[in-house]
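To keep things clear, I will list the structure first and then write my remarks on it.
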Amino acid sequence: MSTIEVSAERPYAVRIAAGALTELPELLEGGERVAILHPPVLADRARALAAELPATVSLLQVPDAEAAKTPQVLARCWDRLAADGFTRSDAVVGFGGGATTDLAGFVAATWLRGVRLVTVPTTVLGMVDAAVGGKTGINISAGKNLVGAFHEPAGVLCDLDLLPTLPPADLRAGMAEVIKCGFIADPQILELIEADPLQALDPRGAALAELITRGIGVKATVVSGDLRESTSVGRVTGRELLNYGHTLGHAIERASGYRWRHGEAISVGMAFAAELSHGLGLIDETLVQRHFDLLAGFELPTSAAEFDFAELRQAMSLDKKTRGSMLRFVLLDGLASARIVSGPPEDALVAAWQRLGRR
């Protein structure tokens, strides 16, 4: 078992191993009631998990993917906790992909102003990104994750035995966040993928386990130094470093009505950020092409011609990373070297978008 410590306001551990779920009872010790939020596809597993816990368990089935992250679903969860008599000594478990753990975290953060949370991510994306870091939230019509709270979990259990049941498309989409970690902080991730892309997609293999562990390590290091995403300037990126590819990516998700998987949208967002970095003279063509080669190796999209760029540009203005009226991007100025660029020229944005379609 690998253990990564997150040294934030309330330190906690991320456990990464086959069979990590066996540690869940220990993390929930002392609570009389536990709510397990889960998507429909995990209903049977959630019931089996509930049977092993020494507590009264409420199973809260929530919609798949981003459909779970709405004010209406959030209110239903609150009503269920009230009906089942949850108190401050009880706990919430997020058992599912990134959307499920985002919702579960916000439920835990807001119920009685904060109760214990344990996240059990069941996807590559959830393990590497959503379940670690203390960010929770839901979507509203204006944009993704615009309503939320910082609420650190008591622990995170990444059980690698859950990965073989993932649909191949979800496994590939999750690799976008892994690749992101390679470009912003850990180039060895990229080297491991390039050495054997097929091994990286083997849900039972050691290569994927190492990639997930390295990705979590990147996120843990970043959030330990800047939990609440304090405003960054220039080369001081703080937690915003993790938003590489997300400014455009979130706009694509919203424009698609969340039909696009998060990883697919972030894949295009990273390709766009690389093109923008190159257009502003920050990186060379070789590093840009490396983005396209790695993403294409997992059949991830690097363009999104079905969307109107003017619509995406407007959506980006509502992104939570915007400061005032100034659009902000995390861009590379080298491999594993990034900076914040505020207010890039509009013609540079359009040119980067157009170059995506020509590759």
Side-chain angles (χ1 to χ4, degrees), residues 1-6 14-17 98 121 123-133 156 158 160 163 166 168 170-225 237-246 249 261-274 277 283-284 286-302 330-339:
M1 179 177 289
S2 298
T3 301
I4 295 176
E5 301 289 341
V6 182
V14 183
R15 309 288 192 188
I16 310 151
T123 65
V124 172
L125 188 147
M127 293 179 184
V128 174
D129 183 42
V132 178
V156 180
C158 298
L160 301 178
L163 295 179
L166 269 184
D170 287 341
L171 187 59
R172 292 178 185 276
M175 293 305 297
E177 288 285 357
V178 177
I179 291 170
K180 178 199 78 176
C181 291
F183 278 116
I184 63 173
D186 183 359
Q188 192 167 345
I189 288 175
L190 309 181
E191 295 167 10
L192 288 168
I193 292 172
E194 289 164 337
D196 196 339
L198 290 179
Q199 280 297 309
L201 288 175
D202 180 357
R204 295 179 174 85
L208 181 57
E210 181 175 358
L211 290 169
I212 289 171
T213 303
R214 284 185 169 275
I216 293 171
V218 169
K219 185 157 191 181
T221 298
V222 172
V223 301
S224 292
T237 55
R239 185 169 180 156
E240 281 192 78
L241 176 66
L242 300 169
N243 291 324
Y244 184 61
H246 285 56
R261 291 175 174 84
H262 176 74
E264 294 167 343
I266 298 311
S267 177
V268 178
M270 282 193 289
F272 177 81
S277 299
I283 61 174
D284 61 23
T286 301
L287 188 52
V288 178
Q289 188 60 47
R290 195 176 187 188
H291 282 71
F292 284 84
D293 292 342
L294 279 158
L295 296 168
F298 292 117
E299 299 177 12
L300 290 168
T302 53
V330 179
L331 299 181
L332 296 183
D333 54 15
L335 181 59
S337 179
R339 65 171 62 187

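Nothing fancy with the numbering, it's 1 onward along the sequence. Keep in mind the model is a prediction, meaning the values are calculated, not measured.
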| Residues which pass side-chain contact (heavy atoms from CB on, under 4.5 Å) with Pro197, listed by chain and number, not counting sequence neighbours | none
| field | Ser337 side chain to Asp333 backbone, donor-acceptor under 3.5 Å | value | no
| query | Excluding sequence neighbours, so at least two apart, what forms side-chain contact (heavy atoms from CB on, under 4.5 Å) with Thr123? | reply | Leu125, Leu166
| Non-hydrogen side-chain atoms of Met127 and Ile16 separated by less than 4.5 Å | no
| request: Quick one: list whatever passes side-chain contact (heavy atoms from CB on, under 4.5 Å) with Asp186, sequence neighbours left out. | output: Gln188, Ile189, Arg214, Val218
| field | OG on Ser267 to NZ on Lys180, rounded to 0.5 Å | value | 13.0 Å
| query | Which ring-ring contact (aromatic ring centres under 6.0 Å, His included) pairs, counting each pair once, include a residue from residues 188-224, with sequence neighbours left out? | reply | none
| Min side-chain heavy-atom separation Glu264-Glu299 under 4.5 Å | no
| Quick one: side chain to side chain donor-acceptor pair (under 3.5 Å) pairs with a partner in residues 194-203, sequence neighbours left out? | Glu194-Arg290
| request: Sequence neighbours left out, what passes side-chain hydrogen bond (donor to acceptor under 3.5 Å, both in side chains) with His262? Give chain and number order. | output: Lys144, Glu177, Glu253
| remark: Residue pairs meeting ring-ring contact (aromatic ring centres under 6.0 Å, His included), one or both in residues 194-222, sequence neighbours left out, come to none
| message | Can you pull out every ring-ring contact (aromatic ring centres under 6.0 Å, His included) where at least one residue sits in residues 197-218? Sequence neighbours excluded, please. | response | none
| message | Applying ring-ring contact (aromatic ring centres under 6.0 Å, His included) as the test, list every pair that has at least one member in residues 176-208; sequence neighbours left out. | response | Phe183-His291
| For Glu5, all residues meeting side-chain contact (heavy atoms from CB on, under 4.5 Å), sequence neighbours excluded | Thr3, Ala13
| query | Given side chains that start at C-beta, do those of Leu190 and Ile179 come closer than 4.5 Å, heavy atoms only? | reply | yes
| SG on Cys158 to CD1 on Ile216, rounded to 0.5 Å | 4.0 Å
| So do His246 and Val330 actually touch side chain to side chain, heavy atoms under 4.5 Å? | no
| query | Can you find a heavy atom in the side chain of Leu171 that is under 4.5 Å from one in the side chain of Leu208? | reply | yes
| said: Test your reading of the model: is there a side-chain donor-acceptor pair from Ser277 to the backbone of Leu332, 3.5 Å cut-off? | reply: yes
| task | Would you mind reporting whether Ile266 and Asp129 have side-chain heavy atoms less than 4.5 Å apart? | result | no
